[in-house]
Amino acid sequence: MCDTVNRCEAQLAEWVGAAFRAAFGEAAGLEAARVQAATDPRFGDFQCNDAMAAAKRLRQPPRAVAEAVVRALPLPPMLEKVEVAGPGFINLTVSPAWLAGQVAGLAGAPHFGLPDLGRGRTVVLDYSSPNVAKPMHIGHIRSTVIGNAIDRMYRALGFRVIADNHLGDWGTQFGLLIQGYRAFLSDAEREALTVEALERVYVQSYNRSKEEPGWLDACKAELVKLQQGDPENRAIWERFIAISRGEFERVYTRLGVGFDLWRGESFYNDILAETVALLEERGLAVESEGARVVRLEDEGMPVCIVRKSDGGYNYATTDIATVRSRVAEFAPERVVYVTDERQQLHFRQFFAVCAKLGYTTHLEHVWFGLMRLPEGTFSTRQGNVIKLEALLDEAERRALEIIQASNDGMSEDEQRELAAAVGIGAIKYADLSHDPQTLIVFTWEKALALEGNSGPYLQYAHARVCSLLDKYTALVPGRDPQASPLLLAEPVEKALALQLMQFPAAVVRAAEAYKPNVLADYLFGLSQTYSSFYQRSPVLKAEPEVRDSRIRLCAMVAQVLAEGLGLLGIRAPRRI
RNA sequence: GCCCCUGUAGCUCAGUCGGAUAGAGCAACGGAUUUCUAAUCCGUGGGUCGCAGGUUCAAGUCCUGCCAGGGGCGCCA
């Protein structure tokens, strides 16, 4: 799904392809000409580099090939100029009228012309997935924010997306927690249970288990009781989940993140045994050192343990069982997991096991680099975790300070709401504007940047456009600029139109590669061009014809910025 | 030891299927506001794209080796 996404570019590519065939017939060996945005405006608007690649097959100098192509067909109306440059670049300059028609067409289409690639296709998206009984910290932000952006992009492209929050709600830690819950908490603390209390209980219980074997045994006994369905332990465990879920929901609400499903690991408990049985039936799971493992030598990987020597199951089993369940229930084309880089081997292993089981569903692990502090990795035990809520609070506080300083008659509530949009937007953008696979060293300064290449920069550009649109309506009430032609006389106007035209392709590229930063980069570039335009080209004060044309351009910029920020999960307030 | 990722300006990072003189932001310096939101814009300085080979018309991008950093490698997830 890529080359033909941008219908506008496709028209150009089609013409160039026809010119190749006119000049060289099928000898050119081009399935389709590739046309891309020019690397420098001095070269025109678009360029095609295929002549240089074809030169070898044609046994002719690249420059001569390009010149023959350029001369092969008469210039169509959409092109103003076609010329050869350098070793054989074919540079295309489009006519402003054609360009205006193209962007106007996009502006009238849903999602500014995003193609409906996902029709009839289902994607299960597994992201965020925090652990029960632990507070969300800044390490969770990447999976949550990147996963959510992928979610939004795929939905906009027409996919049926099933976003599932695969909570860590099962496992050995619950023995420690239940035992500690009974021992360390007062009645009052148990009554008003919080995630903080649970976290404290866990650390305390863990430490004691290290010193006191008897304590560890007691914890294991509680775990077994839970697994066997003991009503009392079951009730406590459910309470842990309810308390945690309340906390998670609070954070997700602030982040504007939502899920279709909240199916934790425990959801699949009932099919773990049959999953291992299935693996054994197929001859895939074999005994090794008391455990059941699937050998993956042929795939060049270590064995994958699917049942521990104590009879318990581990995460690989749960993940395989989860695939079985999801395939049976949703028949997805793909299942996408968003987790940190440390789990790469695990995913490769259990993907391989699923392939051995005959699953053809495309399983994709989208991994991102760890977030660390300048002084090193953070961990609960070192006590240097930064809670996600603290980060959000700080972001909103800093945004509010700036908003209050430029106090222009907004009510207190409006200011607070705006601070939330700007603060959270800054945090999200700081993450989404980087390639997910880079390691991020967290600093408050970077995460909360409000100027330059930042979320607020884009929001500010958007708010300024909106302000212009409102003032236009007030200036000439009832007038519809759509009735006026889009002129694109100034270079910066043409640059804006060209950039607007790239929106669908940017979204598709970002979605395909699971890299929201591709979209973020695009939006930043558009905002830069717009800010430059805004600075040098008066809109409301221009002659009516120019004014109406420019306001149409502004309306399209507002549309794309709102749409694009929306796809990143960043709010775009009309006023800042 | 083996596997994965990263190395681009002082700092943080972009760089599409190999294309033209490698781009942004921050920081520094110099400008722009009686004019549509200065969270802005315009300009200046700043580079051995980790190192060494190779592939080719063309390499930051592909291949090999090396160096440095991060992560992973059987019963945690």
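Every chain is numbered from 1 and lettered A, B, ... according to where its sequence line falls, protein lines coming before strand lines. All values derive from a computational prediction rather than experimental measurement.
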All stems with RNA chain B, defined as three or more consecutive Watson-Crick or G-U pairs under 3.5 Å: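 The stems that RNA chain B takes part in, listed by first number, are B:1-7 with B:67-73, B:10-13 with B:23-26, B:28-32 with B:40-44, B:50-54 with B:62-66.
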
Protein-nucleic acid N or O pairs under 3.5 Å, nucleotides 73-77 of chain B:
from    : atom 1 : to      : atom 2 : distance (Å)
rG74(B) : N1     : S288(A) : OG     : 3.0
rG74(B) : N2     : S288(A) : O      : 3.3
rG74(B) : N2     : S288(A) : OG     : 3.0
rC75(B) : O2     : S309(A) : N      : 2.8
rC75(B) : N3     : S309(A) : OG     : 3.3
rC75(B) : N4     : E289(A) : O      : 3.0
rC76(B) : OP2    : K308(A) : NZ     : 3.0
rA77(B) : OP2    : Y315(A) : N      : 3.3
rA77(B) : O3'    : E265(A) : OE2    : 2.6
rA77(B) : N7     : Y315(A) : OH     : 3.1
rA77(B) : N6     : Y315(A) : OH     : 2.4

Restricting to nitrogen or oxygen on both sides, can you table the protein-nucleotides 1-12 of chain B pairs closer than 3.5 Å?
from   : atom 1 : to      : atom 2 : distance (Å)
rC4(B) : O2'    : Q344(A) : OE1    : 2.8

Between protein and nucleotides 60-63 of chain B, what N or O pairs are separated by less than 3.5 Å?
none

Kindly state whether the pair F524(A) / rA24(B) counts as stacked, where counting means centroids closer than 5.5 Å and planes tilted less than 30° apart.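 No.
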
At under 4.0 Å between heavy atoms, what does A449(A) touch on the DNA or RNA strands: base, sugar-phosphate, or nothing?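 The answer is nothing, as A449(A) stays clear of every strand by at least 4.0 Å.
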
How is S537(A) classified with respect to the nucleic acid when contacts are heavy atoms under 4.0 Å: base, sugar-phosphate, or nothing?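 Contact class for S537(A): base.
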
Polar-atom pairs under 3.5 Å, protein N or O versus N or O of nucleotides 39-47 of chain B: list them with distances, or write none.
from    : atom 1 : to      : atom 2 : distance (Å)
rA39(B) : OP1    : Y460(A) : OH     : 3.4
rU40(B) : OP1    : G452(A) : N      : 3.2
rU40(B) : O2'    : R464(A) : NH2    : 3.0
rC41(B) : OP1    : Y457(A) : OH     : 2.5
rC41(B) : O4'    : Q535(A) : OE1    : 3.2
rC42(B) : OP1    : S532(A) : OG     : 3.2

Does the pair E401(A)/R398(A) count as a salt bridge with the N-to-O cut at 4.0 Å?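 No.
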
Check ion pair E341(A)-R142(A) (N to O, under 4.0 angstrom):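 Not counted as a salt bridge, because no side-chain N and carboxylate O are separated by less than 4.0 Å.
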
Could you tell me whether the side chain of E9(A) and the main chain of Q36(A) form a donor-acceptor pair under 3.5 Å?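 Flag not set: sc E9(A) to bb Q36(A) has no pair under 3.5 Å.
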
Please state the P separation for the pair rA14(B) and rU6(B) - nearest whole angstrom.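 Each nucleotide's P atom is 10 Å from the other's.
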
I'd like a table of atom pairs between the protein and nucleotides 29-31 of chain B - only N or O on both sides, under 3.5 Å - with the distance next to each one.
none

